[in-house]
Amino acid sequence: MSVLLALALAANPIPALNTLEADNDRVEAAFDALCGALKDGRRDGPFPVQGLPWVTSCSLRALTLGPITRGTQTAHVLWEVEGRGPSGERTSERGEADVTLARTTGVVVTSWADTWRETVRRERPRFVERAEAAGVVLPRLDVVRRTEAESYSGGLAALDVTRDGVPELFALDANVVYRFDRISAAPLRYQRSVLFSLPKATLATGLAGGDLDRDGDVDLLVTGYPAVVPVVLRNDGASFTPTPLPPAARGGFVSAVLSDLDDDGDLDVALLPYDLGAGFPWDMLEAPDGERLRLLRGGPGVTFTPWRLDPRVVPGRWTLAAVSADLLGLNRPQLYVANDFGSNDLYVFTADGGVTNQALALGLDDPGNGMSADVGDFDGDGRLDVAVANMFSKAGTRVVGAAQVSAALKARLEKFARGNTLYLARDGGFTEVAAAQGVNRGLWAFGTVLADVNDDGRLDVAVANGFLSKPNRKDL
């Protein structure tokens with residue numbers, strides 16, 4: 001949200017912004033009182049909750065606030081409540097509404113008109129937490145995290161390195177691997193061991209898996225921060241032999257992607273640069289001061305050579321994630337890159353090493369705070385679609401909506417607060433449908449996965465979100 005705050009401060013005089021947010025604080029206090037009444041069992045207020053005798057959590061926030069005119073104010077609100085239905089089933093209700101507020105002696109909701117509403121009921125949980133019972137418990141970390149970079153380090157992966165049909169679990173944060181224990185009498189039990197020795201003062205940031213030596217099993221590639229040489233962990237009977245990449249690959253990377261981009265049979269490496277300790281770029285709408293994607297062409301025997309890249313095609317970015325797939329039906333993979341502070345990239349490769357960036361031409365540029373991406377056939381038409389995790393902010397929506405700027409700039413700012421993106425493949429390009437499909441508002445989204453979680457034959461969108469908050473709730 002700091003990005004949107006900086007943009008809003010640039011667009012609005014500070015006194016006007018302070019006035020807007022001070023008024024919002026008063027409105028939120030009244031909304032919190034409405035939520036408190038629901039939790040206390042009162043259903044006589046203006047907040048129409050249906051079929052929820054017991055409310056356990058409640059959120060009601062303004063996306064827009066109109067001016068106060070003759071003691072009356074209009075607002076557009078986003079709300080969500082969760083609790084138990086009449087038979088004890090877990091129930092969630094959420095939606096948006098246009099409301100009228102009386103602002104004479106306080107803040108009172110006098111009218112409520114839903115613009116959309118949905119209810120989800122679950123008789124029993126579909127997923128059950130069994131990590132502790134299975135022995136998948138992270139060891140206590142000795143290091144106390146004091147820096148932003150330390151907070152962002154680490155990662156999780158599930159890869160079947162033993163080829164026994166059960167994936168091993170890797171936790172880079174603690175540098176451990178959990179191996180499935182077939183001897184144990186428990187139906188699902190893992191044993192923990194150290195993955196490999198990290199260089200001193202190095203933070204492990206990402207882990208990618210692929211058969212780099214073409215021997216039929218999964219090898220690993222570990223990236224780190226600050227500037228270090230990424231390490232290949234060659235898999236030999238589930239024992240790993242560290243082999244550093246060439247010195248030219250030295251850098252601070254948040255993760256990597258392994259894919260045969262030039263279609264020669266050997267996996268290539270895409271290293272994703274992001275300076276975890278640099279703060280913010282000077283242009284947060286389209287940052288020009290990041291580092292360029294680092295590509296290495298793979299060869300026989302786990303050998304790599306730097307891929308020559310034209311800086312006009314591969315600009316400097318603040319890259320957080322990428323995914324490789326044949327989005328264009330060319331019978332070879334492309335690389336879709338999600339960038340923070342600006343536009344995304346779609347790199348298309350040829351066998352002779354040529355690289356073009358076709359994101360803008362195909363409608364996949366997605367300016368915003370790109371956090372992650374995944375691909376899958378969302379609409380079942382046989383073509384791969386693209387989901388991107390971006391930040392949705394209620395406060396950002398409200399602040400940007402009140403900004404006195406040009407229509408073109410406001411549209412750019414609104415895009416940064418709108419949330420996740422979902423691109424559907426169409427003839428000649430891609431069409432963005434996240435808001436129409438109801439998947440854009442994933443809050444401060446960091447990760448997204450397309451998966452059929454309810455076994456109905458259709459892909460769902462799962463989003464991991466959250467962030468560290470300041471003690472003052474007014475911090476945007």
Side-chain angles (χ1 to χ4, degrees), residues 3 254-257 259 261-263 268 270-274 281 283-295 307-350 353-379 383-391 408 411-412 414-416 418-435 439-440 445 447-448 450 461:
V3 175
V254 291
S255 61
V257 173
S259 182
L261 300 173
D262 56 5
D263 197 31
D268 309 304
L271 298 169
L272 313 183
Y274 194 103
D283 182 352
M284 290 184 284
L285 287 176
E286 194 65 47
D289 52 351
E291 295 185 39
R292 287 201 302 274
L293 181 77
R294 198 85 59 88
L295 292 180
W307 201 313
R308 292 184 177 275
L309 301 173
D310 187 336
R312 295 170 297 181
V313 176
V314 184
R317 299 290 199 190
W318 292 61
T319 300
L320 281 173
V323 60
S324 179
D326 186 9
L327 294 171
L328 306 183
L330 301 178
N331 296 318
R332 66 172 45 164
Q334 298 86 51
L335 187 69
Y336 187 73
V337 182
N339 300 308
D340 205 356
F341 309 117
S343 302
N344 293 346
D345 303 299
L346 176 67
Y347 294 116
V348 182
F349 304 87
T350 58
V355 183
T356 59
N357 187 351
Q358 298 186 22
L360 182 60
L362 294 171
L364 286 169
D365 52 315
D366 193 36
N369 296 113
M371 296 287 151
S372 74
D374 196 16
V375 300
D377 185 4
F378 183 81
D379 55 0
R383 294 180 288 190
L384 290 178
D385 309 305
V386 182
V388 185
N390 282 295
M391 285 181 281
R412 292 183 69 192
E414 288 173 343
K415 172 62 179 71
F416 273 70
R418 190 176 302 153
N420 302 319
T421 305
L422 179 61
Y423 287 112
L424 299 185
R426 295 291 183 258
D427 292 340
F430 290 79
T431 300
E432 207 287 302
V433 297
V439 300
N440 63 309
T448 187
L450 292 175
V461 182

Task: Distance-only side-chain donor-acceptor flag, Asn390 / Asn420, under 3.5 Å - done: no
Task: Test item: Lys415 side-chain N/O and Gly368 main-chain N/O as donor-acceptor pair under 3.5 Å - done: no
TODO: Under the ring-ring contact (aromatic ring centres under 6.0 Å, His included) rule, collect the residues that match up with Phe349, sequence neighbours excluded.
DONE: Trp307
Task: Residue from Val337, Leu362, Thr356, Leu360 passing side-chain contact (heavy atoms from CB on, under 4.5 Å) with Leu346 - done: Leu362
- [ ] Say whether, by atom type as modelled, one donor and one acceptor occur between the side chain of Asp263 and the main chain of Arg332 under 3.5 angstrom.
- [x] no
TODO: Not counting sequence neighbours, which residues clear salt bridge (charged side-chain N to carboxylate O under 4.0 Å, His left out) with Asp289? List them please.
DONE: none
- [ ] Answer whether the closest heavy-atom distance between the side chains of Val461 and Phe378 falls below 4.5 Å.
- [x] yes
Open item on the list: Using a 3.5 Å distance criterion without hydrogens, assess whether the side chain of Asp345 forms a donor-acceptor pair with backbone atoms of Tyr347.
Closed with: no
Task: Under 3.5 Å: donor-acceptor pair, side chain of Asp283, backbone of Ala287 - done: no
Open item on the list: Just so I know, are the side chains of Met284 and Asp340 near enough to count as touching, which here means a heavy-atom distance under 4.5 Å?
Closed with: no
Open item on the list: Just to verify, what does Arg312 make a salt bridge (charged side-chain N to carboxylate O under 4.0 Å, His left out) with, not counting sequence neighbours?
Closed with: Asp310
Open item on the list: Walk me through whether Val388 and Met371 qualify under side-chain contact (heavy atoms from CB on, under 4.5 Å).
Closed with: CA-CA 7 Å; Val388 185; Met371 296 287 151; over 6 Å; no
TODO: Locate the shortest heavy-atom distance separating Ser372 from Gly447; write the atom from each residue and the value.
DONE: OG-CA, 3.1 Å
Task: CZ on Arg292 to CG on Leu271, rounded to 0.5 Å - done: 14.0 Å
TODO: For Phe416 and Phe341, work out which heavy atoms get closest and say how close.
DONE: CE2-CA, 4.5 Å
Task: Donor-acceptor contact present, side-chain Tyr423 to main-chain Asp366, <3.5 Å - done: yes
Open item on the list: For the CG atom of Leu272 and the CG atom of Asn339, what is their distance to the nearest 0.5 Å?
Closed with: 9.0 Å
Open item on the list: Once rounded to the nearest 0.5 Å, what's the spacing between atom OG1 of Thr421 and atom CG of Asn344?
Closed with: 8.0 Å
Task: Nearest-0.5 Å distance, CG of residue Asp262 to CG of residue Asp268 - done: 4.0 Å
Open item on the list: Using every non-hydrogen atom in the two residues, find where Ala359 and Asn357 come nearest and quote the distance to one decimal.
Closed with: N-OD1, 3.3 Å
Open item on the list: Once rounded to the nearest 0.5 Å, what's the spacing between atom CG of Leu285 and atom CZ of Arg412?
Closed with: 4.5 Å
- [ ] Return the minimal non-hydrogen interatomic distance between Gly370 and Leu320, and the atom names on each side.
- [x] O-CD1, 3.5 Å
- [ ] Answer yes when Arg317 and Glu286 have at least one side-chain N-carboxylate O distance shorter than 4.0 Å, and no when they do not.
- [x] yes
Open item on the list: Restricting to non-hydrogen atoms, name the atom on Asn440 and the atom on Ala435 that form the minimum distance, rounded to 0.1 Å.
Closed with: OD1-CA, 3.6 Å
- [ ] Measure the shortest side-chain to side-chain distance between Phe430 and Leu424 over non-hydrogen atoms and say whether it is less than 4.5 angstrom.
- [x] no
Open item on the list: Rounded at 0.5 Å granularity, tell me how far CG in Asp385 sits from CG in Leu327.
Closed with: 9.0 Å
Open item on the list: Looking only at side-chain N and O atoms, does Ser324 offer a donor or acceptor that is under 3.5 Å from a partner on Gln334?
Closed with: no
Open item on the list: Would you say Asp374 and Thr448 are linked by a side-chain donor-acceptor pair, where the criterion is simply a distance under 3.5 Å?
Closed with: no
Open item on the list: Minimum heavy-atom separation for Pro315 and Val313, please, with both atom names.
Closed with: CD-O, 3.3 Å
